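What follows is a set of notes on a single structure, which appears directly below.
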Number of protein chains: 2
Amino acid sequence: MEITVTRTNSPKVKPDESSLVFGHEFTDHMFVMDYKEGQGWYDPRIVPYGPLTLDPSTMVFHYGQETFEGLKAYKAEDGTIQLFRPKDNIRRMNQSNDRLCIPAIDEDLFLEAIKAVVKIDEDWIPTSPGTSLYIRPFVIATDPFIGVKPSSTYMLMIILSPVGSYYKEGLNPTKIYVEDEYVRAVPGGTGYAKTGANYAASLKAQVEAHKKGYSQVLWLDGIERKYIEEVGTSNAFFKVDGKVHTAPLQGSILGGITRDTSIELLKSWGIEVIEEPFTIDDVMRWHQEGKLEEAFATGTAAVISPIGILGWKGNDIQINNQEIGKISQKLYDTITEIQNGKEKDTFDWIVRV
Amino acid sequence: MEITVTRTNSPKVKPDESSLVFGHEFTDHMFVMDYKEGQGWYDPRIVPYGPLTLDPSTMVFHYGQETFEGLKAYKAEDGTIQLFRPKDNIRRMNQSNDRLCIPAIDEDLFLEAIKAVVKIDEDWIPTSPGTSLYIRPFVIATDPFIGVKPSSTYMLMIILSPVGSYYKEGLNPTKIYVEDEYVRAVPGGTGYAKTGANYAASLKAQVEAHKKGYSQVLWLDGIERKYIEEVGTSNAFFKVDGKVHTAPLQGSILGGITRDTSIELLKSWGIEVIEEPFTIDDVMRWHQEGKLEEAFATGTAAVISPIGILGWKGNDIQINNQEIGKISQKLYDTITEIQNGKEKDTFDWIVRV
C-alpha cells in the first residue's frame with residue numbers, strides 16, 4: 001500500500017527547545033490508517049495534525065480497547081535522523097494488539113509509516129541535549145456500538161511530540177514508595193501489553209504515593225504481594241554485590257525495550273544480569289547487609305531513572321547515598337549517545353530515516 | 001446548577017421496535033457536562049446527539065481513564081417512565097470514579113440529568129415486551145497530553161439507546177466455558193469498578209471461548225485460579241440443594257445491581273443466599289452429587305441469563321437438563337415486571353421520571 005500525503009497549509013510555530021515539556025506539543029502532521037473487518041487495514045495516509053470526530057458510542061470510550069507504543073527519533077550531528085529499535089516497538093505493538101483482539105499491523109508498512117511521518121516533520125526534531133522527538137503510535141476501537149465484543153473497525157494513528165527530559169529535575173534519584181495495596185497486573189491479565197488498562201489501574205497508587213511525598217510506586221506482584229515487578233511505568237533494576245537483578249518477563253510486566261537495551265549493555269560490560277524473581281524482603285536484606293549498591297528504573301520516556309529512596313512499611317531506605325550510581329550514569333550516557341549518534345551503534349539498534 | 005437544553009432541529013426516524021438490537025441506535029439528545037481542575041463539574045446541558053471532536057493526544061485514547069454505567073428506563077402501561085435503582089448506579093459510578101482518580105459527580109444533579117435526558121427523549125422508550133431504553137452514562141479523560149497522570153479535564157456524557165433483549169435467542173440457557181488461562185481482575189486492581197480496563201482484558205477470553213463453541217466464559221479468581229468470580233460481564237449464581245451461592249464482593253468482582261436485586265428477592269422468598277467463596281471444584285462436586293439445581297448470570301443488559309452447560313477441563317456438564325430453572329425464570333419475571341410497572345415495587349427500587 002502507498003502512503004498518501006496531504007501537507008498542512010498552516011504550519012504551527014515550533015516551541016522553544018529550552019522549555020520543552022513531555023507530551024504537550026505536537027507536530028504539523030500525523031499518520032492515520034483505518035481497519036474494517038473483511039477489508040483489513042486500508043488507506044494509510046499522512047495528513048495535517050488535527051482532531052478526531054467520533055460518535056459518543058465509540059467503543060474506545062467505553063471498553064478501553066486500545067493499544068499504544070512510545071519511541072523516539074533523534075537528529076545526529078551530521079543531520080541524519082535516527083530511530084532507536086523501532087522494529088522492537090512495532091513487534092511489541094502487535095503483541096499488545098493480539099492480547100486486545102486488535103488485528104495485527106503489517107510490520108514493514110508500520111516502519112515505513114513511522115519513517116515517513118518523522119521525515120515530513122523532521123524540522124520538529126529538537127537537537128539540544130536531552131531532547132528528542134517522541135513518537136506515539138496508538139490504535140483505538142472505533143465501532144459506534146456499546147456491546148462488549150471486539151470492535152470491527154479500528155484506527156491506527158502516529159503522532160509526534162518534541163520532548164525535553166521526562167523528569168524536569170533531570171537524572172536526580174527519585175523517592176519511590178513500595179506499593180502494598182494496589183495491584184497493577186497479574187499473569188493471565190494484560191500486564192505485558194501496552195494498553196490503557198494497565199495505566200488506568202496505576203493512577204490511584206501514583207496519586208496516593210505523591211500525597212505521601214514519593215514520586216512513583218514500586219509494584220509488587222499481585223499474587224503473593226512480595227515479588228518486585230515494575231517502578232511506575234518502567235522496569236526496575238537492583239545492583240547487588242556487583243550483579244544486577246531485574247524481574248523476569250512472566251506475563252505481568254512489560255518487556256521494556258530500554259530494559260532489554262540495559263541488559264544487553266550490562267552483559268557487554270561483563271556485568272552479570274539475573275532475570276529471576278526476587279522479593280522486597282530480598283531488597284531490604286541486601287540493603288541491611290550493605291550489598292545494595294544501586295537501583296534504577298528504565299523506560300523510553302526517561303531512559304534511566306535512578307532510585308534514591310525506597311519507602312516500605314513506614315521505613316525509608318536510602319540507596320547509594322541518594323546519588324546517581326556509576327552503572328545508572330553509564331547506562332544513561334551510553335544509551336542516549338547511541339540514540340543521538342555520538343556513540344557507535346555496535347548492537348545494530350539504530351534505524352536511519 | 002441549571003441543566004440547559006438545546007433541542008434538535010432534525011429528529012431521527014425511530015427504529016422498528018420489533019427489530020431492536022442492543023446498543024446500535026441512539027436517541028435524538030444526550031446529556032453532557034464538563035470538568036476542569038479548580039472549577040469542578042460545570043455546564044450541565046442537554047444537546048442534540050452528535051459526535052465528539054477530540055485531539056488525538058486526548059488521554060482517554062492512551063491510558064484508558066474512563067468509567068461508565070448502564071441502567072434502563074421503562075414505560076409502564078399507564079405511561080409513567082420508570083428508572084430501576086438509578087441511585088445505585090450513580091453511587092457505583094462515583095466508586096468507579098474514585099478508583100480511576102476521576103472527580104466525584106454530585107449525585108442529585110446526576111439523577112436530575114438522567115431524568116431530564118430520558119424525559120426529553122421519552123418517545124424513544126420502546127414498550128414491546130423485553131424492550132427498554134438503555135441509559136449509558138460515561139466519563140472520559142480529555143486532557144490533550146500523553147504523560148501518565150490523572151487528567152485535569154473530563155467529560156460526563158449520558159447517551160440513550162432503545163434496546164431489545166441482550167441475547168437474541170431470549171432466555172435460552174447458555175454454554176459457558178470455565179476460563180483457566182486469562183484473568184479478568186484481582187484484589188487491589190480495578191475489578192470492582194466499571195471501567196474500560198476490565199472489559200478490554202476480557203475480550204480475548206471471550207473470543208477464544210466463542211471459537212470453542214461457548215457463548216461466554218466463567219472467570220475464576222486470578223490468585224488461586226479456583227474461586228468462582230463472574231460470568232462474562234455478569235455476576236454468577238449457583239442453586240445447590242435449595243440454597244443459592246454467589247461470590248462475595250471482595251474487590252475483584254463488580255457489585256452488580258441485578259446481583260443485589262436477585263439476592264434481595266431470593267431472601268424475600270425464603271431462599272438462603274450464601275455469599276462466601278466457592279470453587280469450580282465445589283461446583284463440579286455438587287453436580288456429581290446431583291445437588292446442582294440451577295446456575296444463572298445476572299446483569300443489567302440481559303437481566304437473568306440461565307447457564308445450561310459449563311465446560312471445564314475438556315468436560316461439559318449439563319445443568320438442569322439445559323432448561324431454564326424455576327428460580328431463574330421467577331427472578332427474570334419478577335425483576336422485569338417490577339421494572340415495567342406490572343409488579344408492585346415493594347422494595348422501593350423504582351424512581352419515576
Side-chain angles (χ1 to χ4, degrees), chain A residues 22-24 26 30 49-58 60-66 68 98-101 134 136 138 140 144-150 157 159 161 166 181-190 195-204 206-207 222-223 225 232-233 301, chain B residues 22-24 26 30 49-58 60-66 68 98-101 134 136 138 140 144-150 157 159 161 166 181-190 195-204 206-207 222-223 225 232-233 301:
Chain A
F22 188 90
H24 274 290
F26 299 90
M30 61 186 185
Y49 186 90
L52 300 179
T53 300
L54 294 169
D55 195 88
S57 67
T58 302
V60 70
F61 297 135
H62 303 265
Y63 306 123
Q65 199 190 4
E66 60 192 44
F68 71 93
D98 179 70
R99 181 63 182 82
L100 272 293
C101 301
Y134 184 80
R136 167 56 59 92
F138 65 103
I140 56 172
F145 170 56
I146 54 168
V148 181
K149 69 173 193 63
M157 306 188 74
I159 59 176
S161 175
Y166 192 80
E181 181 179 357
Y182 298 106
V183 169
R184 180 186 164 276
V186 287
T190 57
T195 180
N198 304 324
Y199 299 82
S202 78
L203 295 174
K204 182 95 170 159
Q206 191 192 79
V207 167
I223 309 287
R225 305 280 188 116
T233 61
Chain B
F22 188 90
H24 274 290
F26 300 90
M30 60 186 186
Y49 186 90
L52 302 178
T53 300
L54 294 168
D55 195 88
S57 66
T58 301
V60 69
F61 297 135
H62 303 266
Y63 306 123
Q65 199 191 3
E66 60 192 46
F68 70 92
D98 179 70
R99 181 63 182 83
L100 273 292
C101 301
Y134 184 80
R136 166 57 59 92
F138 65 103
I140 56 172
F145 171 55
I146 54 169
V148 180
K149 71 173 193 61
M157 307 188 74
I159 58 175
S161 175
Y166 192 79
E181 181 178 357
Y182 299 105
V183 169
R184 181 187 164 276
V186 288
T190 56
T195 179
N198 304 325
Y199 299 82
S202 78
L203 295 174
K204 182 93 172 161
Q206 190 192 80
V207 166
I223 309 288
R225 304 283 187 112
T233 61

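A note on names: the letters A, B, ... follow the listed sequences, proteins ahead of strands, and every chain is numbered from 1. Keep in mind that what you see is a predicted model, and the values were worked out from it rather than measured.
- Looking at Thr190(A), the atoms closer than 4.5 Å to chain B (heavy atoms on both sides) all sit in the side chain, from C-beta outward.
- For the residue pair Val148(A) and Tyr199(B), the shortest heavy atom distance occurs at CG2-CD2, 3.8 Å.
- Comparing Glu181(B), Met157(B), Arg225(B), Met30(B) by how many heavy-atom pairs each has under 4.5 Å with chain A, the most go to Arg225(B).
- Per-residue heavy-atom pair counts under 4.5 Å with chain B were compared for Gly188(A), Pro150(A), Ala200(A), Gly222(A), and the maximum is reached by Gly188(A).
- The main-chain N or O of Leu203(B) is never found under 3.5 Å from a side-chain atom of Gln65(A) such that the two would form a donor-acceptor pair.
- With a 4.5 Å cut-off on non-hydrogen atoms, Arg184(B) does not touch chain A at all.
- When Ser57(A), Pro56(A), Ala185(A), Gly196(A) are compared by the number of non-hydrogen pairs under 4.5 Å with chain B, Pro56(A) comes out ahead.
- Using a 4.5 Å cut-off between heavy atoms, Ile223(A) contacts chain B through both its backbone and its side chain.
- With a 4.5 angstrom heavy-atom cutoff, Arg136(A) touches chain B only via side-chain atoms.
- Both the backbone and the side chain of Tyr63(B) come within contact range of chain A, judged by heavy atoms closer than 4.5 Å.
- Using a 4.5 Å cut-off between heavy atoms, Phe145(B) contacts chain A through both its backbone and its side chain.
- When the candidates His24(A), Lys149(A), His62(A), Gln206(A) are compared by the number of heavy-atom contacts under 4.5 Å with chain B, His62(A) comes out ahead.
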What verdict does the ring-ring contact (aromatic ring centres under 6.0 Å, His included) test give for Phe68(A) and Phe61(B), after you've listed the backbone C-alpha separation in whole Å, the side-chain angles of each residue and the deciding distance to 0.1 Å? CA-CA 9 Å; Phe68(A) 71 93; Phe61(B) 297 135; over 10 Å; no
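- Interface residue Pro144(B): only backbone heavy atoms are found under 4.5 Å from chain A.
- Heavy-atom distances place the side chain of Val186(B), and not its backbone, under 4.5 Å from chain A.
- Using a 4.5 Å cut-off between heavy atoms, Leu54(A) touches chain B through backbone and side chain atoms alike.
- Only the side chain of Phe138(A) comes within contact range of chain B, judged by heavy atoms closer than 4.5 Å.
- In this structure, CG in Asp55(A) is found 8.0 Å from CG in Leu52(B), a value given to the nearest 0.5 Å.
- Contact detail for Val183(B) and Arg99(A): the closest heavy-atom pair is O-NH2, 4.3 Å.
- Looking only at heavy-atom pairs under 4.5 Å with chain B, the residue among Ala201(A), Gly50(A), Gly232(A), Ser202(A) that has the most is Ala201(A).
- If you measure heavy-atom distances from Asn198(A) to chain B, you find no contacts under 4.5 Å at all.
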